[in-house]
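A short worksheet on the structure shown next.
For this chain, numbers begin at 1 and follow the sequence in order.
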Amino acid sequence: MDSFEYEIHEYKAGFARTPITSIREVPLTIQLNGKEVVTLLCTAKHPEYLAIGFLKSDAFLSSPDQITDLTVRDLGDRLLAEVETCHDPWKNRVLERSITSGCGKGTNFGRNAATISKRHVTGNVKVTPEQILSLTHQLHERSTLYNATRGCHNSSLCVPDEMLLFREDIGRHNAIDMICGQCFLDDVSVDDKLIVTTGRIASEILLKVIRIGVPILASTAVATSFSVELARKTGITLIGNIKDDSFWVYNDNKRIIGF
């Protein structure tokens, strides 16, 4: 189940009993070769893609061939994702923790930022302003869980004229990780694609998208200064503050037609 029904009291010039829908929240613990990496809070949708997406975006994995086993178990009060690999993902690695702007437990943030900022995103997909607005409109239309609960973020993997994947979760990081994980596991080419999402574009979000290689990231919310700097340094096209008929372009890199 994605959500649960409750009866509460709502104040509107007086108190009255009101039915509401509340989004599900479940801990997902990721273990890598028997060692705990992180516990994420999520809706429990697509936990295998979420676990692999997190490990990929945090540089524990570089190829799907490294994965020898992936098991997700329901322990009642939580989910446990157990990932086994044929390589040593912990070699020469010190596990560092960062509290990200999403209030999550990030790992090796400084190392990731320093490494990824040296990359250059080369995908040459072209998109029109009208296509960006249309895809955002489709994102809102697909957001049935948000409309019911007001408690989740949504992300989609798209080509300019079509939405290919749609994911929703209580955390914008999780929604992005699920897309990254599916692209990684299913060997989906991303050079000709873009991600359209909700939620603030903080640096940890941008780092995930850069690592998987998607050339365009567009959000209904705004970007932080670090994200803008990273986008301009790495060549990713960064779009934010998308409304019904407008948006901001933080960095183009010749991918927006008519810019």
Side-chain angles (χ1 to χ4, degrees), residues 24-75 78-85 87-90 93-113 115-116 119 152-157 165-188 190 195 197-214 217 227:
R24 186 186 187 194
E25 181 179 26
V26 179
L28 169 65
T29 298
I30 302 172
Q31 285 187 357
L32 181 59
N33 291 354
K35 185 173 182 178
E36 180 178 338
V37 178
V38 72
T39 295
L40 306 172
L41 296 174
C42 63
T43 60
K45 299 178 71 171
H46 308 286
E48 68 284 1
Y49 290 137
L50 175 55
I52 296 301
F54 181 89
L55 294 175
K56 165 61 178 172
S57 67
D58 230 51
F60 285 100
L61 299 171
S62 59
S63 168
D65 295 336
Q66 294 173 324
I67 302 169
T68 58
D69 190 51
L70 168 60
T71 304
V72 178
R73 293 193 288 143
D74 189 341
L75 303 182
R78 67 178 55 238
L79 297 177
L80 174 64
E82 298 171 296
V83 182
E84 297 291 332
T85 69
H87 75 302
D88 181 5
W90 302 100
R93 183 178 180 116
V94 177
L95 190 61
E96 301 169 352
R97 299 293 190 185
S98 301
I99 302 301
T100 69
S101 61
C103 300
K105 184 167 57 174
T107 59
N108 291 284
F109 175 80
R111 176 178 178 272
N112 284 341
T115 301
I116 295 176
R119 295 190 177 191
C152 69
H153 282 286
N154 308 289
S155 295
S156 59
L157 182 73
L165 292 176
F166 174 82
R167 296 290 177 257
E168 53 193 351
D169 199 273
I170 56 174
R172 66 191 194 279
H173 305 73
N174 296 346
I176 295 286
D177 273 338
M178 281 189 277
I179 289 176
C180 292
Q182 186 163 357
C183 290
F184 182 68
L185 280 178
D186 297 347
D187 195 25
V188 176
V190 297
I195 286 179
T197 187
T198 61
R200 181 183 65 256
I201 308 171
S203 55
E204 64 268 22
I205 295 293
L206 193 68
L207 289 170
K208 293 175 184 295
V209 177
I210 294 171
R211 184 177 291 282
I212 203 70
V214 176
L217 174 62
S227 294

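Between D177 and K56, the closest side-chain pair of non-hydrogen atoms is not below 4.5 Å. Between P64 and D187, every side-chain heavy-atom pair lies at or beyond the 4.5 Å cut-off. F54 places a side-chain heavy atom less than 4.5 Å from the side chain of V37.
Rounded to the nearest 0.5 Å, atoms CD1 (I52) and SG (C183) are 13.5 Å apart.
With sequence neighbours excluded, the residues satisfying side chain to side chain donor-acceptor pair (under 3.5 Å) with T198 are H153. Under the side chain to side chain donor-acceptor pair (under 3.5 Å) criterion, Q66 pairs with S62, sequence neighbours left out. Listed by chain and number, the residues in a salt bridge (Lys or Arg N to Asp or Glu O under 4.0 Å) with R73 are E82 (sequence neighbours excluded). Judged as a side chain to side chain donor-acceptor pair (under 3.5 Å), and not counting sequence neighbours, D88 has no contacts. For P27, the side-chain contact (heavy atoms from CB on, under 4.5 Å) criterion is met by T39, L41, R78, not counting sequence neighbours. Residues satisfying the side chain to side chain donor-acceptor pair (under 3.5 Å) test with T43, not counting sequence neighbours, are D169. Taking K45 as the reference, D2, E168 meet the salt bridge (Lys or Arg N to Asp or Glu O under 4.0 Å) condition, with sequence neighbours excluded. Contacts of D186 classified as side-chain contact (heavy atoms from CB on, under 4.5 Å), with partners at least two apart in sequence or in another chain: Y49, Q182, V188.
One N or O on the side chain of T68 and one on the backbone of E84 form a donor-acceptor pair closer than 3.5 Å. Checked by atom type and distance alone, the side chain of R172 never pairs as donor or acceptor with a backbone atom of T197 at under 3.5 Å. Within the 3.5 Å criterion, the main-chain N or O of L80 finds no donor-acceptor partner in the side chain of T29.
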Exercise. What's the verdict on side-chain hydrogen bond (donor to acceptor under 3.5 Å, both in side chains) for N154 and S156, showing C-alpha distance, side-chain angles and the deciding distance?
Worked result: CA-CA 7 Å; N154 308 289; S156 59; over 6 Å; no
